[in-house]
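On a predicted model such as this, the values are computed, not experimentally measured, just so you know. Along the sequence shown, the residues carry numbers beginning at 1.
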Amino acid sequence: MHTNYYFLRQLAPALTEQLRGYRVASCFSQEKDELVLGLLNETGAEFWLKAQLGAAFPALALPEAFHRARQNSVDLLPELLGRTVASVVVWPQDRVLQINFIEDAATLAFKLYGPRPNAIFRAAPGVPAQLFHQRYATDADLTPAPAAEASPAIGATGKLPPALADLPARYLREQRGYDPAPAEVKQRLAQELQVELENPPHYYLIYLDGRTRLSLVPLGEILETLPGTDPIGALRRFVPLALARRALETERRQLHQLLTRRAEEASTSAHLASQRLHALAHEAGYRHRADLIMANLHAIAPGASQVEIVDFYTNEPVVIKLKPLEKPQRMAENLYRKAKNQQIEERQLQARVATRETEALQALELLEELEAQPALAELRGLRAWRKQHALDPSPASAKASSELPFKVFEDQGFTILVGRNAQNNDLLTQKYAHKDDLWLHAKDVSGSHVVIRHRAGQPVPEPVVEHAAQLAGWYSRRQHDSLCPVTVTPKKFVRKPKGALPGQVLVERERVVLVVPANPFEK
């Protein structure tokens, strides 16, 4: 309910009282789906608002302190800076919290819809809106519903309004006997609950259906009860707790899947090895056949394809197939060699069965420990336990992930990456390259994408650009030209149009350098 209308209508006046007169000092983002506002008042007091606008967990966090990262941080909404907060309001019966500013009647609305959250800034009434998530273009036309439409007579139609959905509606049905009640009783129950929601005595942090939630009604497992007079404090307590518990549940689920998979793979491997051992133990071995051949050399005619003899182990007649072009002694020698290899295989299979059965048992024991130990119900304890039992990603995996699938060159401390083919070019440009990296490509011909990795505070020297441009020319169709024009631009000006073939991109801004195609790093 941290995004529900009835909580936001408590939060809005509390934020108005807190923020009136504060000026926006900074507006930036340093993580995906995050918008951070830093506000200051005349005395220099800070207030931070962090809007988390991801579909999985939209929320307004109000950290008491915040430290902006020096890297991977980008300023947003420059027209918002310096504006003074006049008030904070909630749209009627909606999940939209809006900050109103004194200057030009500007507004910043946080749309907290679960699947499509967004931030919408208008520098003045009637001007085009600026959206945090550009993909939700229709949000530019979003406006509050008229009060008459937004506030129907609650319960009068027999259906609960959207603003009363989810937890309050469930509370009505499970604890107030709403569903079987007559229509007039339903309306009375809904109206009584609405009065409680408009003036909640408490906020509850609850655990329900595998999720940690903020609720205005007591429901599920109650983790904490907070005073209903402090919505800011309730939000500050809830968001870090919910994020920590989400991380805990995610890591527990990942560990459970990992251990289950390990147990199943080890059990399957042990079973297959046991089956192979059983087959080897119950079939006539190579040594057995070799002994019979050597004992009956006198009975084998030259060039025979088979021989029927009496097995002196079982005293039964058997037929042994032979190779007409190979001497029986030579065939017996090969069978003795195979028998030796078979013994080695049997020892290896026995060791594999023992090892894999031990691994399966250890994984099952760890699964039981994961479910039973109280200390593992906390994120810190879980991570310490995971590290203790070497359940972190393996160093080999980490090393493999750090090895780049491109041609890699080093020049004056700068890393130059060169794509290997069209698909690899896409991987380099779309996945690996940062927006501040330099991107190069031989002009007007097919060829490798080349990227010079950005180093904070260090412009790329021209000799490095020239060497990278030579590589771009060398790994292109202009390899044998006397001079090659090469496009050079920051990666942020390179985009891939929808439907383009692998390796195809559009460059919005560029400069061109002329170089002799070569690989300057070859000895």
**Prompt:** With the threshold set at 4.0 Å, does a side-chain nitrogen-carboxylate oxygen contact exist between Glu508 and Arg495?
**Reply:** yes
**Item:** Which residues share a salt bridge (charged side-chain N to carboxylate O under 4.0 Å, His left out) with Asp444, sequence neighbours left out
**Value:** none
**Cation-pi, Phe28 ring and Arg68 (6.0 angstrom, 45 degrees)** = yes
**Request:** Determine, for Tyr136 and Lys111, whether the Lys NZ or Arg CZ falls below 6.0 Å from the six-membered ring centre while staying within 45 degrees of the axis.
**Result:** yes
**Request:** Would you mind listing every ring pair (Phe, Tyr, Trp, His ring centres under 6.0 Å) that reaches into residues 232-262, with sequence neighbours excluded?
**Result:** His2-Phe238
**Asked** Taking atom types as modelled and ignoring hydrogens, do the side chains of Tyr113 and Asp139 form a donor-acceptor contact shorter than 3.5 angstrom?
**Response** no
**Request:** Give a yes/no verdict on a cation-pi contact between Arg509 and Phe493, requiring under 6.0 Å between NZ or CZ and the six-membered ring centre and an angle within 45° of the axis.
**Result:** yes
**Request:** Evaluate the criterion salt bridge (Lys or Arg N to Asp or Glu O under 4.0 Å) for residue pair Arg511 and Glu462; output intermediate values, then yes/no.
**Result:** CA-CA 13 Å; Arg511 69 182 176 100; Glu462 279 304 312; 3.2 Å; yes
**Message:** Using side-chain heavy atoms (C-beta onward) and a distance below 4.5 Å, is His441 in contact with Val488?
**Reply:** no
**Prompt:** Should Arg23 and Glu103 count as an ion pair when the cut-off is N to O under 4.0 Å?
**Reply:** yes
**Prompt:** Any side-chain donor paired with an acceptor under 3.5 Å for Trp91 and Gln98?
**Reply:** yes
**Prompt:** With no hydrogens and no angle check, is any side-chain donor or acceptor of Lys496 less than 3.5 Å from a backbone partner on Leu501?
**Reply:** yes
**Asked** Any salt bridge between Arg330 and Glu333, counting N to O under 4.0 Å?
**Response** yes
**Asked** If you draw a 6.0 Å radius around CD in Gln412, do more than 12 non-hydrogen atoms from other residues or ligands fall strictly inside?
**Response** yes
**Request:** Examine Arg455 relative to Phe414 and say whether NZ or CZ is less than 6.0 Å from the centre of the six-membered ring and inside a 45° cone about the ring axis.
**Result:** yes
**Message:** Would you say the ring centers of Phe121 and Phe132 fall short of 6.0 Å from each other?
**Reply:** no
**Asked** According to the interplanar angle, ranging from 0 to 90°, do the rings of Trp48 and Phe66 count as parallel (below 30°), tilted (30 to 60°) or perpendicular (above 60°)?
**Response** tilted
**Prompt:** Quick check: does any side chain N or O of Asn100 sit under 3.5 Å from a backbone N or O of Thr107, one acting as donor and the other as acceptor?
**Reply:** no
**Asn425 side chain near Ser448 side chain, heavy-atom distance below 4.5 Å** = yes
**Asked** Does some side-chain heavy atom of His133 sit less than 4.5 Å from a side-chain heavy atom of Asp33?
**Response** yes
**Prompt:** Sub-3.5 Å donor-acceptor pair from the side chain of His449 to the main-chain atoms of Gly503, do we have one?
**Reply:** yes
**Message:** Would Lys407 pass as a cation-pi partner of Tyr475, given that its NZ or CZ must be under 6.0 Å from the six-membered ring centre and within 45 degrees of the axis?
**Reply:** yes
**Asked** Would you call Glu510-Lys443 a salt bridge at under 4.0 Å N-O?
**Response** yes
**Request:** Could you give me the CA-CA distance, side-chain angles and deciding distance for Asp104 and Arg83, then say whether salt bridge (Lys or Arg N to Asp or Glu O under 4.0 Å) is met?
**Result:** CA-CA 9 Å; Asp104 303 322; Arg83 295 183 183 270; 3.5 Å; yes
**Message:** Between the side chains of Arg356 and Glu264, is the shortest nitrogen-to-carboxylate-oxygen separation below 4.0 Å, so that they form an ion pair?
**Reply:** no
**Message:** Tell me whether His389 at atom NE2 has more than 12 heavy atoms from other residues, nucleotides or ligands lying less than 6.0 Å away.
**Reply:** yes
**Request:** Establish, from distance only, whether the side-chain atoms of Gln52 and Glu31 form a donor-acceptor pair under 3.5 Å.
**Result:** no
